[in-house]
Amino acid sequence: MRVRFAPSPTGALHIGGARTALYNWLLANGPAGEGAAGRRGSFVLRIEDTDRERSTEANVEQILDALSWLGLDWDEGPLSQIANTPRHRMALAQLLAEGHAYHSSADAEVVRAYKERHGADRGFRGTPEASGAVRLRVPDDGVTSFTDLVRGEVSFPNASMDDPIIARADGSVLYNFAVAVDDLDEGITHVVRGEDHISNTPKQLLVFNALGAEPPRYAHLPMLLGADGKKLSKRHGAASVQELRDRGYLPEAVNNYIALLGTGFAPDEEFFTMAEMAERFRLDRVSRSPAVFDEQKLRHLNGMHLRALPVDELTRRLEQFTGRSGLRAAVEISREKIQTLADFWPLAGFLFDGPRTDPDALAKVLGAAGARDVLTEVRQRLAALEVFDAHAVEQQLRAVVAERGLKPGQVFQPLRVAIAGTTVSPGIFETVAVLGRDRTVALIDRALAG
RNA sequence: GCCCCCAUGGUCUAGUGGUUAGGACGCCUCCCUUUCACGGAGGAGAUCGCCGGUUCGAGCCCGGCUGGGGGUACCA
C-alpha cells in the first residue's frame, strides 16, 4: 500500500487537511496493506504547486512544520509537483498525438453558450483547433465510475461532463492532469482525500484511461464543518494546526480528536494513541457524512492526553510553552486541573510571579464575616508546623474547620485568596506545601495587612 | 440550473432486520478541597429528516421527497 498526502500550499494546514494527512498516515502505519499483513505501507508527501499564482514557499514551510508537529512523518518527499513538469509535458504530448486531447480556445463564455443550445446537462464538447488550451476528450456516452472505499459505487454520466481543460494555452498543465500523472508515476495505490475532490475523480480516471494505465483506488473523506455548519475557515477560530498548537493543544490530542471526526475506533472508548489508531483504522469504517468541529470536545480530550503524559514530559512541554523553567512542582499539583498548556500559567503562575491582583475576590472573600479572624488562626497554625507538607497542612486546616464548626470553604478560600490573589489555584494543601512555610506566612501577613 | 455525495439527541460517534437505540462532549442536580479541573452518583435531551414500499418485524433493504454539503475555473 502506497498512499500520499498532496496539499496545495495556498495557505496554512487546516484541520481538514490535517485529518486527511492523518488518515493517510494511519493507513501507511497500520496493518492494512492488502494481504501484506503487518507490513508498513509508504506515505508520500507531495506539494501540489501547479498554481504558481497562489503557491508560496512560506506556506510550504508552514505545512511541513504543522505535519512535523503532529508527528505525521512521511517516507518520501516533499515532492514538488511543478518539478515534474517535463514528464507532464510528455504525457500531454502523448494524449494530443493519440487524439485523446485537443487544443481549444473555448473559454467559459463559449461553454455557457454551448449549454444554452444543448441543455445544462450536456457536457461541453469542443472542436480541435491549432492552438489554445488543451482539453481532454470525454466519451459522449457511458459512465465513468469507481468504487469509493468509503462510499461504495459512484458513477458519473459521461454525457454530463465537460471536456476538462488539462493544460493552459501556454502549455502548463492543470491540477486534474498533473495529479493523475503523478499518482501514476509515484505508484500510488490508494488516493485518500477530501470529498471536495470526488467530482474530480472521473476526470482523473479518464486521464488514466487515456494514458492506458491502471488507476489507484479512491476514498473520499467527509468534509469538516464549523459550528455553523459551514465549511471550516479562518472565521471559525482555531482552524489551522498552528493555531491549535499556540492555544496549548497537544499533538496527541489533536490527532486523536480529528481522527474521531469521521470514524469510531471502538463502540465505547474515545481515547487513543497513534499506535492504537493505526492498528484499528479502516477506510470502510469511515463516516460518509460531514462532521462539525467542536473545540469543547477537543479541550476535554486534550486534558486526558495531558494527564496521560508523565510529569517530566508534561513539565518539559509546559516549560517550552511558557518559556519558564523550574516548573515541575507546580506542574505536579496543577495537572489535574488544566485542559490545555495555556491553562497552566493562569492557574499556577502566582507560584512564581507572586499573587495576582483581583480586588473583587479580595474584597469578597477577605471581607466576609470572620474571614480575617480565621486567616489569622491559620497563619499561627501553619507557622508553628514542624513538617511542612500537604498532609500536615491539610490536618491543620481541617482542625480549624472542625473546631470552629465552619464549612471547608470558609477556611480554604480566605487562605487561597491570600496566597494566590484570586479564588483560583491548584489544590490548596498542595499549593501551600509547594510555597513553603515562609512564603505562605509572608503572603498571609501581607493579605492581613492590606 | 446541471452533476455528485450525505442524513442516528445540540455536537462527534456505535448500531448493518427483532436493542428499554449504546458511548463521548456539552447541559442540569448531588458528592469530593464553595474556584477550576479530575473522579463518582443521578438526570434532561432522539417520534433514528419526511412519505411510501419490501418484510411477521426496518435506524438498518428499495423508491420518492425535503434538507444539507461538494463540484461546476486556462484554481487546487
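So you know, we letter chains A, B, ... as the sequences are listed, proteins then strands, and number each from 1.
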With sequence neighbours excluded, tell me which residues meet side-chain contact (heavy atoms from CB on, under 4.5 Å) with E313(A). L309(A), P310(A), R316(A), R317(A)
Check each of R335(A), R299(A), K337(A) against D343(A) using the salt bridge (Lys or Arg N to Asp or Glu O under 4.0 Å) test, and report the only one that passes. R299(A)
Base-pairing assignment for G26(B) (Watson-Crick or G-U wobble, both under 3.5 Å): none
Write out all pairs satisfying salt bridge (Lys or Arg N to Asp or Glu O under 4.0 Å) with one or both partners inside residues 155-179 of chain A, taking only residues at least two apart or from two chains. K115(A)-D162(A), R125(A)-D163(A)
Checking the side chain of R193(A) only, and the main-chain atoms of G17(A) only, is there a donor and an acceptor separated by less than 3.5 Å? no
Would you mind reading off the distance between L314(A) atom CG and A37(B) atom P, rounded to a whole angstrom? 18 Å
Side-chain atoms of R307(A) come closest, of C4(B), A7(B), A37(B), to A37(B)
Euclidean distance, atom OH of residue Y257(A) to atom C1' of U13(B) [Å, nearest integer]: 11 Å
Quickly work out the I15(A) CD1 to C12(B) P distance and round it to whole Å. 14 Å
Below 4.0 angstrom, N of the basic side chain to O of the carboxylate: do R288(A) and E195(A) qualify? no
What's the gap between G15(B) and G9(B) when it is taken at their C1' atoms, as a whole Å value? 15 Å
Pick the closest RNA chain B nucleotide for E269(A) and for D121(A) by heavy atoms, then say which residue is nearer the 5' end. D121(A)
Spacing of the C1' atoms in A7(B) and A46(B) (rounded, Å): 14 Å
At under 4.0 Å between heavy atoms, what does R285(A) touch on the DNA or RNA strands: base, sugar-phosphate, or nothing? sugar-phosphate
Produce the list of close N/O pairs, under 3.5 Å, pairing protein atoms with atoms of nucleotides 48-50 of chain B; give distances to one decimal.
none

Ignoring hydrogens and geometry beyond distance, is the side chain of E336(A) in donor-acceptor contact with the base of G39(B) at under 3.5 Å? no
Any donor-acceptor pair under 3.5 Å from T50(A) side chain to L174(A) backbone: no
Ring centres under 6.0 angstrom apart (F271(A), H305(A)): yes
In chain order, what residues pass the side-chain hydrogen bond (donor to acceptor under 3.5 Å, both in side chains) check against T440(A), with sequence neighbours excluded? none
Distance check needed: U16(B) P versus R282(A) CZ, whole Å only. 14 Å
A58(B) and G1(B): how far apart are their C1' atoms, nearest whole angstrom? 36 Å
Go along nucleotides 70-76 of chain B 5' to 3' and tag each nucleotide: B for a protein heavy atom under 4.0 Å from its base, S when only backbone or sugar atoms are that close, - otherwise. SS--BBB
In whole angstrom, what separates N256(A)'s CG from A24(B)'s C1'? 11 Å
Under 3.5 Å, is there a donor-acceptor pair between the S425(A) and R416(A) side chains? yes
Could you note down all residue pairs passing ring pair (Phe, Tyr, Trp, His ring centres under 6.0 Å) where residues 158-177 of chain A supplies at least one of them, sequence neighbours left out? Y175(A)-H197(A)
Span that lies between the C1' atom of C3(B) and that of C12(B), in whole angstrom: 30 Å
Which is it for N158(A) and D140(A) under the side-chain hydrogen bond (donor to acceptor under 3.5 Å, both in side chains) test, yes or no, and what are the steps along the way? CA-CA 6 Å; N158(A) 291 146; D140(A) 285 328; over 6 Å; no
Do NZ/NE/NH1/NH2 and the carboxylate oxygens of E48(A) and R46(A) come within less than 4.0 Å? yes
So, E276(A) and R280(A), do they make that salt bridge, N to O below 4.0 Å? no
side-chain contact (heavy atoms from CB on, under 4.5 Å) filter on P164(A), not counting sequence neighbours, yields L136(A), V138(A), K203(A)
Integer-rounded Å distance: C25(B) C1' and I258(A) CD1: 17 Å
Rounded to whole Å, the CD-P distance (E153(A) to C6(B)) equals 12 Å
With heavy atoms under 4.0 Å as the rule, sort S155(A) into base, sugar-phosphate or nothing. sugar-phosphate
Any donor-acceptor N/O pair, R247(A) side chain to L341(A) backbone, under 3.5 Å: no
Rounded to whole angstrom, note down the P distance from U47(B) over to U55(B). 28 Å
Rounded P spacing from A14(B) to A73(B) in Å: 35 Å
Rounded P spacing from A37(B) to C30(B) in Å: 16 Å
Which whole-number value in Å describes the distance from L301(A) CG to U13(B) P? 14 Å
Using salt bridge (charged side-chain N to carboxylate O under 4.0 Å, His left out) as the criterion, list what pairs up with D121(A), not counting sequence neighbours. none
Protein-nucleic acid N or O pairs under 3.5 Å, nucleotides 58-66 of chain B:
none

Is a donor from one side chain sitting under 3.5 angstrom from an acceptor on the other, for E295(A) and Y257(A)? no
Look through every strand shown and name the nucleotide pairing with U35(B) as Watson-Crick or G-U wobble, where both distances are under 3.5 Å. none
Return the pairing partner of C61(B) with a 3.5 Å limit on both distances, Watson-Crick or G-U wobble; otherwise return none. G53(B)
Looking at F124(A), I'd like to know if the NZ or CZ of R122(A) sits under 6.0 Å from its six-membered ring centre while staying within 45 degrees of the ring's axis. no
Across all strands, who's sitting opposite G1(B) as a Watson-Crick or G-U wobble pair, both distances under 3.5 Å? U72(B)
The Watson-Crick or G-U wobble partner of G67(B), with both key distances under 3.5 Å, is C6(B)
How does protein reach along nucleotides 26-35 of chain B, written 5' to 3' as B (base within reach of a heavy atom under 4.0 Å), S (only sugar-phosphate), or - (no contact)? S------BBB
Quick check on contacts: within residues 349-356 of chain A, what sits under 4.0 Å from RNA chain B by heavy-atom distance? none
Of all pairs that satisfy salt bridge (Lys or Arg N to Asp or Glu O under 4.0 Å), the ones with a partner from residues 54-67 of chain A, not counting sequence neighbours: D51(A)-R54(A), D65(A)-R245(A)
Whole-angstrom distance between C28(B) and U13(B), as gauged at atom P: 24 Å
